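Reading through the structure tokens given below for one structure.
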Number of protein chains: 2
Amino acid sequence: MSIIFSRKCEYGIQAVLLLTVEEEGGGVHSAEEIAGRLKIPKEFVSKILQELAVNGIIYSKKGKSGGFSLAKSPKELKLLDVVLAIDGPEMFNRCVLGFPNCSDKSPCPVHHKWSQLITQTFEMLSDETIDQFKQKTLNKIESIK
Amino acid sequence: MSIIFSRKCEYGIQAVLLLTVEEEGGGVHSAEEIAGRLKIPKEFVSKILQELAVNGIIYSKKGKSGGFSLAKSPKELKLLDVVLAIDGPEMFNRCVLGFPNCSDKSPCPVHHKWSQLITQTFEMLSDETIDQFKQKTLNKIESIK
DNA sequence: ACATAATCAGATTATTTTATCTGATTAAAC
DNA sequence: GTTTAATCAGATAAAATAATCTGATTATGT
């Protein structure tokens, strides 16, 4: 199957969005809660949350009533940063068409269009993004009940 | 690592581009030649070429002096078709952000932007694409000598 | 202090993707 | 007709990704 992002990255983005939505009240959320609400494996998302914490995207608090919370304000946060934190820069070095040495200076046929889109799409965590995610999440929770 | 396309798909696109570049003379090219020129595994690309043949993207000729050639004129060919032939439609059903039930009617925050780009980027096999690939391929061959 | 609930770290397993191998079939060239 | 060079089909192996397990550490709350 063609893949856009790795699962790891998808889960990471979703977790960050969830923390963003729940930011009011500086909410700390456990890995278990996050996994439950997103319906993704707890142990896996734990690892991802750890990586995000190491990279300063989120803050982690150990011990009882510990958990994770946003380290930056949503306004400063880029989805791009999340991708970079989890999967590193390789994605942006790897050519969509698999051309060797594809770069800004020596672009493959779709290089420019592609990198432009990636940047535009993930540059900012827009209010629209957050709002829509909030709706989706709520819907998901509703559908469980 | 984040991935845009699977290797399978990358190789398939490259193979089709190569056949397009070499189309003049209705050229038939063996899997071995294609693998050699693109510097990708022969057995793997053979499988991919078979799938492309089954899906009518390319034509395959068995036996001695057999091989593969384009089944459509480059003007009719879409890179999108190649992707669909190799990896199926799942890529376009799967949400970039991993949202369940993401679709045109119930889009995730980046759904519209994303599908627009995908379509635009791969809709047509443009002259520009072919020309650039020709240069790349020639460069690659030069660098081997 | 102690029980509890969480992160964290490392090892292991499962699944998927990528790549390779073997042999059968096909058709052209001699 | 025989040799040869190719596709084709199915099985297998290797590598990468995804998921799980186990236990240690940490800090909170009682």
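All heavy atoms count here, side chains included; hydrogens, waters and symmetry mates do not. All figures in this text were calculated on a predicted structure; none of them were measured in a lab. Lettering of chains follows the sequences in order, A, B, ..., and the numbering in each one begins at 1.
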Open item on the list: How many whole angstroms separate atom CG of L49(A) from atom C1' of dA9(C)?
Closed with: 15 Å
TODO: In whole angstrom, give the distance that lies between atom CZ of R7(A) and atom P of dT20(D).
DONE: 12 Å
Task: Any S60(A) side-chain N or O less than 4.0 Å from OP1/OP2 of dC8(C) - done: yes
Open item on the list: Reading DNA chain C from 5' onward, which residue's closest nucleotide shows up sooner: G66(A) or K47(A)?
Closed with: G66(A)
Open item on the list: How many whole angstroms separate atom CD of E43(A) from atom C1' of dT17(D)?
Closed with: 17 Å
Task: Closest to side chain of S6(A), choosing from dA9(D), dA18(D), dT7(D) - done: dA18(D)
- [ ] Using salt bridge (charged side-chain N to carboxylate O under 4.0 Å, His left out) as the criterion, list what pairs up with E51(A), not counting sequence neighbours.
- [x] K8(A)
Open item on the list: Quick check: on DNA chain D, is the nucleotide nearest V54(B) upstream (toward 5') of the one nearest E32(B), or the reverse? Name the residue that is more 5'.
Closed with: E32(B)
Open item on the list: In this structure, how many angstroms lie between the P atom of dT17(D) and the CZ atom of F5(A), rounded?
Closed with: 15 Å
Task: Gap separating the CG atom of L79(B) from the CZ atom of F5(B), nearest 0.5 angstrom - done: 8.5 Å
Open item on the list: As a test of reading the structure: which of dT7(C), dC21(C), dC8(C) is closest to the side chain of A31(A), going by heavy atoms?
Closed with: dT7(C)
TODO: In whole angstrom, give the distance that lies between atom CZ of F44(A) and atom P of dC8(C).
DONE: 17 Å
Task: Salt-bridge present (K47(B), E43(B); N to O < 4.0 Å) - done: no
- [ ] Sort out for me which residue in L19(B), T20(B), L18(B) forms a side-chain contact (heavy atoms from CB on, under 4.5 Å) with V16(B).
- [x] T20(B)
Open item on the list: From CD of Q50(B) over to P of dT25(C), roughly how many Å is that when rounded to an integer?
Closed with: 15 Å
So which protein N/O to nucleotides 28-30 of chain C N/O distances come out below 3.5 Å?
from	atom 1	to	atom 2	distance (Å)
dA28(C)	O4'	K64(B)	O	3.4

Open item on the list: Between Y11(B) and dT18(C), is there a contact of a side-chain N or O with OP1 or OP2 at under 4.0 Å?
Closed with: no
Open item on the list: Is the distance from the ring center of F68(B) to that of Y59(B) below 6.0 Å?
Closed with: no
Task: Test side-chain contact (heavy atoms from CB on, under 4.5 Å) applied to S65(A) and V28(A), step by step - done: CA-CA 8 Å; S65(A) 79; V28(A) 174; over 6 Å; no
Open item on the list: Rounding to an integer number of Å, can you tell me how far I34(B) CD1 sits from dA6(D) P?
Closed with: 12 Å
- [ ] Report which part of the nucleic acid A53(A) touches: base, sugar-phosphate, or nothing (heavy-atom distance under 4.0 Å, all strands).
- [x] nothing
Open item on the list: Assess whether a salt bridge exists between R37(A) and E22(A), defined as any Lys/Arg side-chain N lying under 4.0 Å from an Asp/Glu carboxylate O.
Closed with: yes
Task: Gap between atoms CD and C1', on Q14(B) and dT18(C) respectively (whole Å) - done: 15 Å
